[in-house]
Each structure stands twice: as C-alpha cells, then as structure tokens.
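There's a structure below that I have some questions on.
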Protein chains: 2
Amino acid sequence: MKNETFSISEFAKSTGVSVRTLHYYDEKDILKPKRDEYRGHRIYEKEDMIQLHKIMTMKFLGMSLDDIKHHMQPDTFDLSFIDTLRLQESKLIKDREQIDIALEAIQRTVHLLENEKEVDQAVLISLLASMQNERKQEELAKGIIKDDIIKKMFPQTAKVKMLFEQRLLTFYKRVRKHCGKPANHPEVQQMLDDFYRFIMEVTDVNSLKELADIFSLDMGDKENEERINTYIQEIERLVPTPITEEEEAWLQQMIIDYMGPLWDEEEGEN
Amino acid sequence: MKNETFSISEFAKSTGVSVRTLHYYDEKDILKPKRDEYRGHRIYEKEDMIQLHKIMTMKFLGMSLDDIKHHMQPDTFDLSFIDTLRLQESKLIKDREQIDIALEAIQRTVHLLENEKEVDQAVLISLLASMQNERKQEELAKGIIKDDIIKKMFPQTAKVKMLFEQRLLTFYKRVRKHCGKPANHPEVQQMLDDFYRFIMEVTDVNSLKELADIFSLDMGDKENEERINTYIQEIERLVPTPITEEEEAWLQQMIIDYMGPLWDEEEGEN
DNA sequence: CTTGCGCCTGACGTTACGTGAGGTGGTATG
DNA sequence: CATACCACCTCACGTAACGTCAGGCGCAAG
C-alpha cells in the first residue's frame with residue numbers, strides 16, 4: 001500500500017508533459033493536485049496520473065480543453081461522450097477534406113511550375129483560386145449549365161485537371177503575348193484555332209451556341225436573368241480574371257471575329 | 001479605362017473577407033490600400049483585389065501570414081515559392097497522418113462503447129492511450145522482442161485491432177470482477193483459460209518462456225538489463241495500467257499459479 | 001440641432017501554452 | 001554563519017489571426 005507522491009517536476013518527467021502545462025491545467029481547474037499546506041507546493045498522486053492520461057487522451061482526439069473539462073467529472077464515460085466523439089469525428093473528417101483539397105492544389109501547382117519555366121503570377125493565382133472552390137463552382141454551375149457539359153468542365157482525375165490547366169496557362173500566355181495584334185495575324189489565328197479545339201473537346205457547337213444565348217441575356221425572362229447575373233457575379237468573386245481589362249476586351253473582339261464565320265457556316269448547314 | 005474604387009465595406013462584400021481582416025492586413029503591412037487624404041478612409045482598387053486573391057490563395061494552401069508577406073513583393077513567383085509549397089506539402093501530409101490516427105482511434109472507441117454497454121473509464125483510457133502511440137510502441141518493442149511476435153502483437157487492420165481490444169476489455173472486466181477470489185475458483189479458472197488461449201494466438205509456449213526469461217532479468221548482462229528497464233519504463237509512461245495495484249498483484253499471483261503446472265508439464269516433455 | 005451612417009483607431013478576448021522575472025523555503029558549501 | 005544554489009511559487013507578457021466592442025470624426029437627412 002505504498003502511497004507514492006510526486007513533486008511537479010517528477011510528475012512532469014514521468015508523464016512527459018511540461019511543468020507549465022501542469023500549472024496551466026491547475027489554473028484552469030482541469031487538474032488540481034493536493035497542496036503542501038505550508039509551502040504551497042503541488043503534490044501529485046497516482047490518481048492524478050490517471051486523470052492526466054484521460055486529459056491527454058481526449059486532447060489527442062482533438063478535443064478542446066473546455067470540452068475536456070466538461071467530461072472530467074464522472075467516473076465512467078456517459079452517453080454524451082459518444083456524442084462528443086461523433087462530433088469530433090465529423091470535424092476531423094472535414095479538416096482532412098480541406099487538407100486533401102489543399103494538397104492536390106499544391107501538387108498541381110508544383111507540377112505547373114516545374115513544367116513551365118516562367119509562370120505569370122496572375123495566371124497562377126487565378127488557377128489556384130479556381131482550385132480552392134472547384135466544388136462550389138460546380139454547385140453553382142448546376143443551375144445554369146447542362147449536366148453533360150458540367151461533367152466535362154469539371155474533370156475528376158488530377159491528371160486530366162493538370163492537362164486542362166497546362167492548356168489554360170499556355171493560352172493566357174499567348175493572349176498576353178499577342179494582345180493588340182489584328183485578328184488576321186497568323187499567330188493569333190493559330191491561338192484561336194487551338195482554343196477552339198480545346199473548347200470543342202468539352203462541348204459541341206450547338207451547346208456552345210446555347211451557352212452564348214444564355215449569357216447574352218436577351219430573352220425577357222427577368223427571373224432567369226437575375227439568376228444568371230448572380231451566378232456570374234459569384235464566379236467573378238470566386239475566381240479573379242488573370243488578364244487585364246484591355247486584354248479581355250481584345251480577346252472578346254478576336255473571338256467574335258473568329259466565331260462569326262463559324263456561326264454562319266453552321267447556320268447555313270442547318 | 002474606368003478606374004473603379006471601393007470603400008472598405010464594398011471591398012469586403014465583393015471579396016468575401018471581413019472588414020476587420022482588411023484592417024488587420026493593413027496593420028500588418030500585408031495589404032495597404034491608398035488613403036483618402038482628408039478623412040483617412042481606405043480606398044481599394046482593382047490591383048488590391050488581385051493582391052487580396054493572392055493572399056487568400058496562399059492562406060488556403062495553409063501558409064502563415066508571415067510567409068505570405070514574404071512572398072508578396074515580387075510580381076512573379078520565384079523559386080523560393082516552390083520550396084515553400086514543398087514545405088507546406090510535407091506539413092499538410094503530417095497533419096493528415098495525425099488526423100487519420102485520431103480518426104481510427106475514435107472509430108474503434110465508438111465501436112467498443114456501442115458493443116459493451118458499460119465500459120470502465122480506466123480501461124478505455126488505457127486502450128486509447130495505447131492507440132495514440134501504437135507506432136512508437138512498436139518501435140520500442142523492436143529492440144526487445146522477436147520480430148515474428150511483434151507482427152502478431154501489432155495487427156495491421158482496424159478489424160483485428162478491434163477484436164483485440166474487445167478481448168482485452170472483457171478480460172480486464174473479469175479481473176475487476178473476480179479480484180480477491182482464490183485461484184481454484186471456477187470463474188477465475190475460466191478467465192485464465194481464456195487469457196491463455198488469447199496469448200497463445202499471438203505467440204507460442206517457447207517464445208513465451210523466452211519473454212518471461214527476458215523480463216525476469218536474472219541474467220547478469222548489465223547493459224541489456226538497462227535497456228529492458230528503460231523499455232518497461234517507457235511503456236509504462238506511454239500506456240497507463242487500467243487496473244489497480246491490488247488487482248495487478250492478485251492477477252500476477254493467479255498467473256503464477258496457473259502457469260506453474262503448464263511450465264513444468266512442458267519442461268517434462270522436452 | 002440632433003440623429004444616424006460609415007469610417008477611423010485603440011484595446012481587449014480568444015487557445016494552449018512558452019518564456020521569462022522576481023520572490024520564498026530548504027539545503028549544501030565556504 | 002553567510003552565501004550560493006535548487007526547486008518551487010505567482011505574475012505577467014507573447015504567440016496567430018482575427019472577432020468584438022468602445023469612443024470619436026466627417027457628412028447627410030430630418
């Protein structure tokens with residue numbers, strides 16, 4: 001029946017926590033050992049060891065000291081402890097998902113940076129911003145764009161995503177490089193050709209026309225117009241444009257010049 | 001060439017960050033907008049929007065504001081940015097591993113709590129503490145115990161672990177229940193029989209004897225003795241005993257009484 | 001003239017401790 | 001006996017990234 005006691009430093013060493021931490025737990029009424037009446041020194045006993053292990057265990061599960069304090073009184077775990085565990089579980093799962101998203105974004109970014117020697121900062125930011133909320137973008141798009149196009153717009157595997165990004169990146173590079181040149185410039189033509197092929201991998205001409213119709217907003221449906229406007233605003237808020245307004249205006253003009261004939265051509269066929 | 005500007009609240013709304021956060025970034029020299037000379041109001045411009053997106057992106061990757069500040073000056077990402085990303089990556093991977101360990105522990109605990117109606121707190125703490133550092137325990141054991149036994153002692157799949165724990169749990173329950181009864185009591189006998197079978201699933205009689213020899217410490221090898229002592233201390237520090245000293249003493253006596261005959265019996269066979 | 005709005009600065013609260021500073025009782029050494 | 005040192009005590013500030021008041025200013029409407 002040995003009644004072993006420890007001074008605070010002994011206790012700290014034998015449990016592996018710091019003296020300061022023990023002070024803190026005492027201060028916060030989480031673990032209050034007996035005191036030497038005269039000198040005020042803390043005296044830890046076996047029972048405190050068990051309590052401390054309980055604390056460490058709950059901390060390891062990711063619980064806050066406030067939660068822990070709440071579960072320290074009863075001698076057996078009650079039902080509320082299961083609830084707490086379940087809560088912790090879902091919290092941890094969420095955390096892990098966030099980490100997974102960030103990790104994928106990092107890996108994709110490193111990949112891009114390694115392959116392209118000089119990457120424009122604005123473009124990279126835009127891509128990363130886009131990665132941050134791919135899911136949210138997909139959610140938003142669901143009300144506006146057809147399901148089968150969405151599926152192609154948001155590829156599942158990281159590999160395909162990386163190809164996607166590589167292409168966007170080189171496209172923006174060329175926009176920046178050629179901005180200001182006339183539409184009939186051969187390199188501009190080449191750029192637009194490539195871009196068109198890229199788009200066509202994701203959709204087809206008819207769907208594209210549909211999309212253009214939707215976003216041109218010239219049908220009288222007020223409610224729908226509202227919805228589409230907020231959609232565009234949301235996307236703009238989530239993903240910043242990687243090109244300047246000047247470049248954007250130029251690009252828009254180029255696309256109109258480029259698409260015009262194609263449009264009519266298709267129209268003629270029908 | 002419209003030169004759009006925003007007040008702080010407009011800017012906050014259109015980017016989705018709080019006014020206080022913008023104040024904070026200004027204070028910390030991370031994002032300092034122009035000022036209205038007279039009233040001192042902050043004036044945000046398009047350029048600030050891009051900068052803020054850059055900040056948000058790096059934050060999303062898990063970087064600290066200090067790191068972010070460091071990468072805010074140059075207009076293109078330099079090589080040090082890749083290094084930072086790599087660093088972040090390994091940090092996130094570590095975090096995720098911790099989360100995985102905690103999640104598995106939670107799931108195993110919930111499983112136990114659901115199957116056993118009343119779980120003793122001390123036993124549960126002991127199990128959870130053990131889960132926290134399974135890897136470390138395994139590392140420690142490597143210097144002392146034979147590899148093939150280690151493999152059986154530390155099962156890989158969560159399922160087997162849960163079976164393991166269930167058994168330990170019921171065993172401790174029975175120890176607590178029968179403590180004090182004589183060795184020839186039928187229920188005690190049953191308990192010891194079950195325990196013996198449990199042990200035999202992990203090892204065999206010869207290895208068990210070896211283990212007993214090792215831990216009895218009666219060979220003169222000082223150095224080895226030292227190693228084994230520190231091993232035992234480490235394990236005791238990591239995993240608290242879920243039973244009282246009284247129960248432990250009783251159990252030890254029961255085991256000696258139980259093993260004695262078996263020992264001799266085997267000895268006689270050789 | 002008062003009220004209210006949007007903005008400003010300053011300051012304290014948050015979590016789980018780390019890191020001193022300055023004071024006390026008990027012991028080893030000169 | 002004086003002194004140094006040790007282990008302990010309490011008090012208090014610092015950390016990261018903001019949230020949340022509190023008090024004050026310029027400007028517009030009632």
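So that the names make sense, note that chain A is the first sequence line, chain B the second, and so on, each numbered from 1.
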Can you tell me which nucleotide in C:dC7, C:dT9, C:dT19 comes closest to the side chain of A:Arg20? C:dT19

Of B:Asp66 and B:Tyr38, the one whose nearest nucleotide on DNA chain D sits closer to the 5' end is B:Asp66

Whole-Å gap separating P (C:dT15) and CE (A:Met63): 15 Å

Of B:Asp26 and A:Tyr24, the one whose closest nucleotide on DNA chain C sits nearer the 5' end is B:Asp26

When the distance from CD1 of B:Ile8 to C1' of C:dG6 is rounded to whole Å, what number comes out? 11 Å

Hey, are B:Asp48 and B:Lys54 close enough for a salt bridge, meaning a charged N less than 4.0 Å from a carboxylate O? no

Less than 4.0 angstrom between a side-chain N/O of A:Tyr25 and OP1 or OP2 of C:dA16, yes or no? no

Whole angstroms only, please: what is the CG-P distance between A:Leu22 and C:dA16? 16 Å

Check A:Arg108 with A:Glu134, please: is the shortest side-chain N to carboxylate O separation under 4.0 Å? yes

CA sep, side-chain torsions, deciding dist, call: B:Lys142, B:Glu139, salt bridge (charged side-chain N to carboxylate O under 4.0 Å, His left out): CA-CA 5 Å; B:Lys142 264 181 190 158; B:Glu139 284 305 310; 3.5 Å; yes

Does C:dC7 have OP1 or OP2 under 4.0 Å away from a side-chain N or O of B:Arg42? no

Look at B:Arg39 and C:dC5 and indicate whether a side-chain polar atom (N or O) is within less than 4.0 Å of OP1 or OP2. no

Could you state the CG-P distance from A:Asp36 to C:dT24, rounded to the nearest angstrom? 17 Å

Looking at C:dG6, C:dA16, C:dA11, which one has an atom nearest to any side-chain atom of B:Ser9? C:dG6

Separation of C:dC7 C1' from B:Phe11 CZ (nearest whole Å): 16 Å

Taking the inter-plane angle between the rings of B:His71 and B:Phe81 on a 0 to 90° scale, is it parallel (under 30°), tilted (30 to 60°) or perpendicular (over 60°)? perpendicular

Less than 4.0 Å between a side-chain N and a carboxylate O, is that true for A:Glu247 and A:Lys173? no

Go through A:Tyr44 and A:Phe6 one step at a time and tell me if the ring-ring contact (aromatic ring centres under 6.0 Å, His included) criterion holds. CA-CA 5 Å; A:Tyr44 289 90; A:Phe6 307 86; 8.3 Å; no

Contact boundaries on DNA chain D for chain B, cut-off under 4.0 Å to non-hydrogen atoms: D:dA17 to D:dC27

Just the rounded figure in Å: distance from P of C:dC8 to NZ of B:Lys34. 15 Å

Please determine if a side-chain N or O atom of A:Ser18 lies less than 4.0 Å away from the OP1 or OP2 oxygen of C:dC17. no

Using a heavy-atom cut-off of 4.0 Å across all strands, would you classify A:Lys59 as base, sugar-phosphate, or nothing? sugar-phosphate

So for atom CD, which belongs to A:Glu37, do other residues, nucleotides or ligands contribute more than 12 heavy atoms lying within a distance under 6.0 Å? no

